[in-house]
Protein chains: 2
Amino acid sequence: MEPELRQMRYFVAVAERRSFTRAAEDVYVAQQALSQQIKALEDTLGVRLLDRTSRRVELTPAGAAYLADCKRLLSAAGRAAQHARAVADGEAGKLRIAYTVTAVYETLPALTAHLAARAPRLKVETREIFASDVCRMLRDERCDLALAPRAGYPKGIARRTVRREPLMAAVGDGHPSAGAPAMELAGLRDETFQLWPRDMAPGYYDAVAGACRAAGFEPVLDETASGSNAWAGIAAGRGVNLVVASLARQLPRGITLVPLTEPAPVLRLDAVWRAEHPHPAVSRVLDGCAELWPGERTDGVSARPASP
Amino acid sequence: MEPELRQMRYFVAVAERRSFTRAAEDVYVAQQALSQQIKALEDTLGVRLLDRTSRRVELTPAGAAYLADCKRLLSAAGRAAQHARAVADGEAGKLRIAYTVTAVYETLPALTAHLAARAPRLKVETREIFASDVCRMLRDERCDLALAPRAGYPKGIARRTVRREPLMAAVGDGHPSAGAPAMELAGLRDETFQLWPRDMAPGYYDAVAGACRAAGFEPVLDETASGSNAWAGIAAGRGVNLVVASLARQLPRGITLVPLTEPAPVLRLDAVWRAEHPHPAVSRVLDGCAELWPGERTDGVSARPASP
DNA sequence: GTCGATCGACAAGGCGGGCTTGTCGACGGG
DNA sequence: CCCGTCGACAAGCCCGCCTTGTCGATCGAC
């Protein structure tokens with residue numbers, strides 16, 4: 001037989017009260033039960049823990065050592081339970097957030113700062129990914145939550161728009177519109193768009209292309225555009241693009257942002273997570289986003305993970 | 001209800017096998033028992049630990065956190081049991097040894113070195129005391145073992161002689177016998193003895209006075225002698241004393257040791273301990289002493305603590 | 001699509017272990 | 001000297017853990 005925490009609780013009670021009878025009151029059992037259980041504990045350990053001298057109970061050296069260990073174990077067991085509850089409530093534990101580059105300028109840092117303040121025991125790990133990998137990362141349990149431009153996902157993946165960010169025109173510094181207070185999106189109809197291929201970033205692609213179509217033209221793409229290469233192309237005057245306003249925080253050299261006249265197109269940023277077994281902190285993140293960026297409807301596609 | 005280690009063992013089994021059925025084989029119970037106990041564990045925690053998707057079992061984030069804690073707790077419980085056994089066997093734990101100055105030159109360091117080699121996990125604390133305090137220190141649980149010259153003790157205190165050390169004459173450097181290869185004890189019959197009062201060190205007193213009487217004279221004492229004051233008196237030529245041979249290791253300035261001719265008197269050094277609840281390491285110490293200083297009868301007054 | 005295999009949950013019953021009641025021997029104080 | 005208190009022992013009860021039996025669900029095979 002193995003020692004049990006109940007026996008340790010009994011032993012601690014007896015050791016601290018230095019009496020079976022009084023300890024029995026503390027743990028709400030009869031004195032005889034304590035005698036039996038502590039005897040059983042001693043038998044399983046093969047060690048005498050207490051010297052009963054009829055009239056007084058004394059710890060043996062081994063008992064004193066075991067007492068200290070028992071106290072540690074009991075408090076550790078209690079803390080483990082508390083920690084499990086905290087993790088289940090999303091207050092503690094580890095949350096792996098994957099994000100697309102669009103979120104990095106403002107959305108992600110605002111969110112992580114908010115979480116650090118609201119749930120300091122929650123360890124947030126972040127990782128930049130391509131929008132095309134969101135689904136796989138979530139399904140393979142390689143992340144718990146993703147931030148990406150609004151896109152469609154297969155069943156089993158839930159999402160909610162957490163904020164809308166205005167899109168601005170990104171042009172080279174030498175572009176005729178550079179420095180203008182604002183411009184019409186339609187003014188870019190003859191430009192080449194340094195937009196990533198749709199299969200790499202479908203949500204972003206659809207947002208930009210959709211805005212262009214709403215402005216009455218179909219954007220012409222530079223099929224070689226991808227990643228930082230696109231910035232270089234724009235800076236070199238080989239095209240333009242629409243980008244989130246917060247890019248201004250880390251504007252690449254040679255590029256100027258020009259606001260677009262109303263109705264200015266927006267990019268919807270979604271939180272995306274597993275619908276079936278969502279990480280418990282996801283609902284906290286959604287709450288935090290609703291607080292950071294009010295105005296989004298909170299009864300969206302998947303308002304929040306169903307509670308069990 | 002509180003979580004029990006048995007439930008944790010079950011949970012670890014299920015989590016590691018990712019299956020109730022297979023885990024049941026590991027812990028030798030039916031699958032239904034595991035379902036019940038883990039459900040009970042989840043209920044007491046108020047936390048879902050496993051996602052059962054019929055066909056597969058997955059850990060929730062809270063379950064993963066609790067699993068790690070459970071493994072830690074279980075191994076800590078096992079180590080606590082092992083440690084208790086080790087303490088009960090005298091292999092580990094803390095042993096407080098009190099000693100009189102007579103033991104400090106050779107006996108104590110030899111013993112502590114021996115213990116450090118044989119029982120490295122046993123933490124030995126040493127403290128110098130007066131022989132008159134041996135009994136009180138032991139009774140008050142302020143030490144577990146004492147090293148002191150042989151003396152009588154009341155019931156409840158056990159002792160065993162661990163070594164006999166030859167006594168030598170300690171004289172001032174200017175004493176006529178200083179430098180002699182040996183001398184008769186009777187030659188000191190007219191000297192003043194720098195001997196501590198009997199009530200301070202009865203064993204040592206009796207050994208020296210007894211040796212003198214055996215040599216045919218009653219020693220004359222300097223009643224002011226005590227501690228280092230005695231050394232100063234001898235060095236100043238105001239008297240002599242008999243001391244253990246190992247004092248040569250830390251001989252005070254101005255003092256010379258002269259061997260005594262046969263039959264050279266000896267001082268018996270005793271190990272002394274509580275008879276009723278001896279520290280488990282005491283028997284190891286006695287074994288170690290018998291090994292370090294063979295020749296003493298090991299079936300003495302109290303051969304060894306009675307085992308329970 | 002259907003059948004079978006497998007997995008975990010639910011239900012009911014047996015049994016072992018923990019708890020209780022009752023009692024005794026030992027020690028200490030009045 | 002007797003009584004009060006404390007812990008151990010003995011016997012019985014009862015709860016709780018485990019077992020057997022069964023079902024619904026899911027996934028693979030044909």
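Chain naming here is simple, since letters A, B, ... match the order of the sequence lines and numbering starts at 1 in each. Every heavy atom of this structure was used, including side-chain atoms; hydrogens, water molecules and symmetry mates were not.
Here A:Thr21 reaches the OP1 or OP2 of D:dG7: one of its side-chain N or O atoms lies under 4.0 Å away. At D:dA8, one or more side-chain N or O atoms of A:Arg52 fall inside 4.0 Å of OP1 or OP2 (strictly under the cut-off). Close to C:dC10, at under 4.0 Å from its OP1 or OP2, lies no side-chain N or O of B:Ser35. For B:Tyr28, no side-chain nitrogen or oxygen approaches OP1 or OP2 of D:dC17 to under 4.0 Å.
If you take CD of B:Gln7 and C1' of D:dC17, they are 10 Å apart, rounded to a whole angstrom. Atom CZ of B:Arg17 and atom P of C:dC7 are 11 Å apart (whole Å). Following rounding to the nearest Å, B:Arg9 (CZ) and D:dC17 (C1') show an atom-to-atom distance of 15 Å. Whole-Å rounding puts the A:Arg6 CZ to D:dC15 P distance at 16 Å. Straight-line distance from the CD atom of B:Glu58 to the P atom of C:dG8: 12 Å, rounded to whole Å. B:Gln31 places its CD atom 13 Å from the C1' atom of C:dA11, with the value rounded to the nearest Å. Rounded to whole Å, atom C1' of D:dG7 lies 14 Å from atom CD of A:Glu25. In this structure, the CD1 atom of B:Ile38 is 11 Å from the C1' atom of C:dG8, given to the nearest Å.
For A:Ser19, taking side-chain heavy atoms from C-beta onward, the closest of the listed nucleotides D:dG7, D:dC9, D:dC18 is D:dG7. When distances run from any side-chain atom of B:Val29 to the nucleotides C:dT20, D:dC18, C:dA9, the shortest one goes to D:dC18.
Counting atom types as modelled, B:Gln36 pairs a side-chain N or O with a base atom of D:dT19 as donor and acceptor under 3.5 Å. Taking 3.5 Å as the limit, the base of C:dG8 and the side chain of B:Gln32 contain no donor-acceptor pair of atoms between them.
The salt bridge (charged side-chain N to carboxylate O under 4.0 Å, His left out) test applied to A:Arg284 returns A:Glu91, not counting sequence neighbours.
Taking the C1' atoms of five terminal pairs at each end of the helix from C:dG1-D:dC30 to C:dG30-D:dC1, the two resulting helix axes are inclined by 20°, rounded to 10°.
Looking only at distances, a side-chain donor or acceptor of A:Arg18 sits under 3.5 Å from a matching main-chain atom of A:Ala15. Using a distance-only test at 3.5 Å, with no hydrogens or angles considered, no donor-acceptor pair links the side chain of B:Arg274 to the main chain of B:Asp144. Between the side chain of B:Thr44 and the backbone N or O of B:Glu2 there is no donor-acceptor pair closer than 3.5 Å. Without hydrogens or angle criteria, B:Gln7 side chain to B:Glu4 main chain gives a donor-acceptor distance under 3.5 Å. A donor-acceptor contact shorter than 3.5 Å links the side chain of A:Thr60 to the backbone of A:Arg48.
Contact check on B:Arg22 versus B:Glu16 returns no salt bridge, with no Lys/Arg side-chain nitrogen under 4.0 Å from an Asp/Glu carboxylate oxygen. Between B:Arg17 and B:Asp26 a salt bridge is recorded (basic side-chain N to carboxylate O distance below 4.0 Å).
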Footprint string (nucleotides 24-30 of chain C, 5' to 3'): B base within contact, S backbone only, - free, heavy atoms under 4.0 Å: --BBS--
Report the C-alpha distance between A:His83 and B:Asp69 in whole Å, list the side-chain angles of each, state the deciding distance to 0.1 Å, and finish with yes or no for side chain to side chain contact (heavy atoms under 4.5 Å, CB included). CA-CA 9 Å; A:His83 187 242; B:Asp69 284 334; 3.9 Å; yes
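When the nearest nucleotides of DNA chain C are assigned to A:Ala30 and B:Val57 by heavy-atom distance, the more 5′-ward of the two goes with B:Val57. Place A:Arg56 and A:Lys39 on DNA chain D by their nearest nucleotides, and A:Arg56 ends up nearer the 5' end.
A tilted orientation is assigned to the rings of B:Tyr66 and B:Phe11, their planes being inclined by 30° to 60°.
Note on B:Gln37: only backbone sugar-phosphate atoms sit closer than 4.0 angstrom, heavy atoms only; bases stay farther off.
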